[in-house]
Amino acid sequence: MKVLFVTTEMDDFVRVGGLAAVSAALPRALRRWSDVRVMLPGYRDILEQLTHIEIVGECAALAEMPACSLGRASTKDGLPVYVLLCSQLYDRPGNPYGDESGRDWPDNDIRFGRFASAAAELAAGNVDKNWAADLIHANDWQAALAPAYLAWRGTKLPSILTIHNLAYQGLFPPDALRRIGAPESSFHIDGLEFYDHVSFLKGGLVYASHLTTVSATYAREITTRELGCGLEGLLQRRSNAAQLTGILNGIDESWDPSACAHLAQTFAPGDWTGKQANADYVRKQFGLALSRGPLFGLVARLVHQKGVDLVLSAADEIIEAGGQIVVTGSGEQQIEQALVAAHRRRPDAIGVTIGFNDAQARRIFAGSDFTLMPSRFEPCGLSQMYAQRFGSLPIGHQTGGLAETIQDGETGFLFSQPSAESFLGGVRRAFDAFGAKDKLDAMRRSAMARSFSWDLSAACYSALYRKTIAPSIIA
């Protein structure tokens, strides 16, 4: 099978959220079954890291989207990577989606319409004369129109769209339709129209051959009014037609505390002095007071979805009971400011770093006793898997991938409602476990024994690819 994996983030080069980790790990895990190639926009960060890019073809201008070139390179371990080269769209400061102050680029419709259109052309065999795909696998709203462009051009190529987070939909004014060269006939309730806006994500939900999301629980949740983000009717129809599948993400093999080079000290189950060394390091790094109480970690995007406000509301009780909190991440300015204010109020007990550093995040997982995950919804979540591998017991809301990957009372703690009261119930259970050393030891050992390998996820995707391709082969 020849698969084009279309994404806007990849841990090798650029990261904003969990999509980057998935895009680095899943294509590699799929290589045993398929010729899988990754396609990325030519961001400045990517071009600075790829030493040799071979130009393999050109994409003509379309509507208000400029012409661009397509380059091919490879990662250090040989994974083929296509890069869409268009300096006026992608060679910018900031992150993949917005400027340095966090504001979305005003031309994101053109930036990602161009990206999706070029992906469709590449997959169809119109750009790289030496390669065409049997299937295109698009990820999130930025790539979601690739199946739509295939359909508008009459190209019968199977496609899969993975929804990593339904809340991010790529909404633009109606004139975006003209700007990205989409047919006017596609702007209706059964097409791209969503409350008088153009929805890139909805385009993918309508036109992709099959939809996946990142846990079976979230696949059910997005067909409900509570978590369907206004798209639940469409998703329910696709689910009823057996065209929506939940496949849980995995984590890569580097999440092994006995071998991770980033830790202050490596350790294995039962070696709690090694874990304590990481706790001591983290406390010193964050300027916290020496303590024998539990250390709570929060490693997350600092956005409303992640329930950071619930952590802030529980902070006083956690500290009064002898706990300390360390936080790293970036996101919404208001939440960042609230965390910094909490740190200034209690610098001995609350440590905060705005920004993300992978090595620091690993040390927080290794040093913390508990990982806070009070997400209002969580399609899959990776932090709870990282935490368990590193012996930090997650405290998570019983939703999405958290419900599937945390064994309540055995490898972590689940609470039922995204409310301060329910969350505090989980925190209090954690304090109880911390005070019962045999219980804590058993839970840590169970958590660290969990396997979240990508192999199972990749096998599921490979089977789904074959199933999705089969009708086109018969035709």
Side-chain angles (χ1 to χ4, degrees), residues 1-8 10 23 26-42 46 50 52-62 65-75 78-86 90 112-140 142-162 180-183 203-204 206-212 458 461-475:
M1 287 185 294
K2 292 181 290 182
V3 177
L4 182 63
F5 190 92
V6 188
T7 180
T8 52
M10 187 179 183
S23 300
L26 178 56
R28 288 179 163 96
L30 286 164
R31 292 177 78 182
R32 64 195 287 190
W33 293 287
S34 53
D35 170 8
V36 59
R37 303 187 180 191
V38 176
M39 180 175 172
L40 290 157
I46 294 177
L50 287 173
H52 177 70
I53 301 175
E54 175 192 359
I55 305 300
V56 295
E58 309 290 330
C59 297
L62 173 64
M65 303 190 300
C68 53
S69 302
L70 189 74
R72 188 178 63 212
S74 62
T75 60
L79 179 68
V81 176
Y82 287 104
V83 185
L84 189 63
L85 303 170
C86 185
Y90 308 119
F112 297 112
R114 174 73 280 183
F115 180 58
S117 170
E121 289 188 51
L122 170 60
N126 300 331
V127 185
D128 183 347
K129 67 180 187 299
N130 295 315
W131 196 80
D134 298 316
L135 177 141
I136 188 167
H137 183 167
N139 292 272
D140 274 350
Q142 297 90 348
L145 285 185
Y149 280 109
L150 288 170
W152 296 333
R153 293 169 183 157
T155 305
K156 296 188 182 305
L157 185 75
S159 57
I160 286 174
L161 171 66
T162 295
I180 65 172
V206 169
Y207 288 103
S209 310
H210 196 97
L211 308 176
T212 72
Y461 273 108
S462 182
L464 183 60
Y465 289 169
R466 292 185 188 281
K467 184 179 177 182
T468 307
I469 289 169
S472 65
I473 296 173
I474 295 168

> Which residues pass the side chain to side chain contact (heavy atoms under 4.5 Å, CB included) test with A133, sequence neighbours left out?
Replying inline: L4, A123, W131
>> Tell me if a side-chain donor or acceptor on S117 pairs with a main-chain N or O of G113 at a distance below 3.5 Å.
In response: no
>> Test side-chain contact (heavy atoms from CB on, under 4.5 Å) on R37 and L122; report intermediate values, then the result.
In response: CA-CA 11 Å; R37 303 187 180 191; L122 170 60; over 6 Å; no
>> Using 0.5 Å steps for rounding, measure from the CZ atom of R72 to the CG atom of D128.
In response: 5.0 Å
>> Could you measure the distance from the CG atom of D134 to the CZ atom of R466? Nearest 0.5 Å is fine.
In response: 10.0 Å
> So, do L145 and F112 sit near enough that their side-chain heavy atoms are less than 4.5 Å apart?
Replying inline: no
>> Taking side-chain hydrogen bond (donor to acceptor under 3.5 Å, both in side chains) as the definition, give me every residue that meets it alongside T162, ordered by chain and number, with sequence neighbours left out.
In response: H137, T212
> Is M39 close to L70 at the side-chain level, that is, under 4.5 Å between some pair of heavy atoms?
Replying inline: yes
> Which pair of heavy atoms, one from S159 and one from A208, lies closest together, and at what distance?
Replying inline: OG-CA, 3.3 Å
> Between S69 and E58, which heavy-atom pair has the shortest distance, and what is it?
Replying inline: OG-OE1, 2.7 Å
>> Before you tell me yes or no, could you show the steps for Y461 and W33 under side chain to side chain donor-acceptor pair (under 3.5 Å), namely the whole-Å CA-CA distance, both residues' side-chain angles and the distance that decides it to 0.1 Å?
In response: CA-CA 10 Å; Y461 273 108; W33 293 287; over 6 Å; no
> Taking S209 for the side chain and I160 for the main chain, is one N or O donor matched with an acceptor at less than 3.5 Å?
Replying inline: no
>> My understanding is that only residues two or more places apart in sequence, or in another chain, count here; which of them pass side chain to side chain contact (heavy atoms under 4.5 Å, CB included) with A73?
In response: L50, I53
>> To the closest 0.5 Å, what do you measure between OG (S462) and CZ (R32)?
In response: 9.0 Å
> Going by the salt bridge (Lys or Arg N to Asp or Glu O under 4.0 Å) test, which pairs reach into residues 113-126, not counting sequence neighbours?
Replying inline: R114-E121, E121-R153
> What residues form a side-chain hydrogen bond (donor to acceptor under 3.5 Å, both in side chains) with D140, not counting sequence neighbours?
Replying inline: none
> Going by heavy atoms in the side chains, are K467 and H210 under 4.5 Å from each other?
Replying inline: no
>> Are L85 and I55 packed together at the side-chain level, in the sense that at least one heavy-atom pair is separated by less than 4.5 angstrom?
In response: yes
> So, for C59 and A118, which heavy atoms are closest and what is the spacing to 0.1 Å?
Replying inline: SG-CB, 3.8 Å
>> For a quick test of reading the model, state the closest non-hydrogen atom pair linking Y90 to G42 and the distance between them.
In response: CB-O, 3.4 Å
>> Run the salt bridge (Lys or Arg N to Asp or Glu O under 4.0 Å) test against R28 and tell me which residues pass, sequence neighbours left out.
In response: D12, D77
> Are side-chain heavy atoms of T8 and P41 found at a separation under 4.5 Å?
Replying inline: yes
> Does any non-hydrogen side-chain atom of V6 lie less than 4.5 Å from one of I136?
Replying inline: yes
> For S23 and T7, which heavy atoms make the closest approach, and how far apart are they?
Replying inline: OG-OG1, 2.8 Å
>> Tell me the closest heavy-atom pair linking L79 and P27, and the distance in Å.
In response: CD2-CB, 4.2 Å
>> Is the shortest side-chain heavy-atom distance between F5 and N139 below 4.5 Å?
In response: yes
> Measuring from L40:CG to I46:CD1, what's the distance to the nearest 0.5 Å?
Replying inline: 4.5 Å
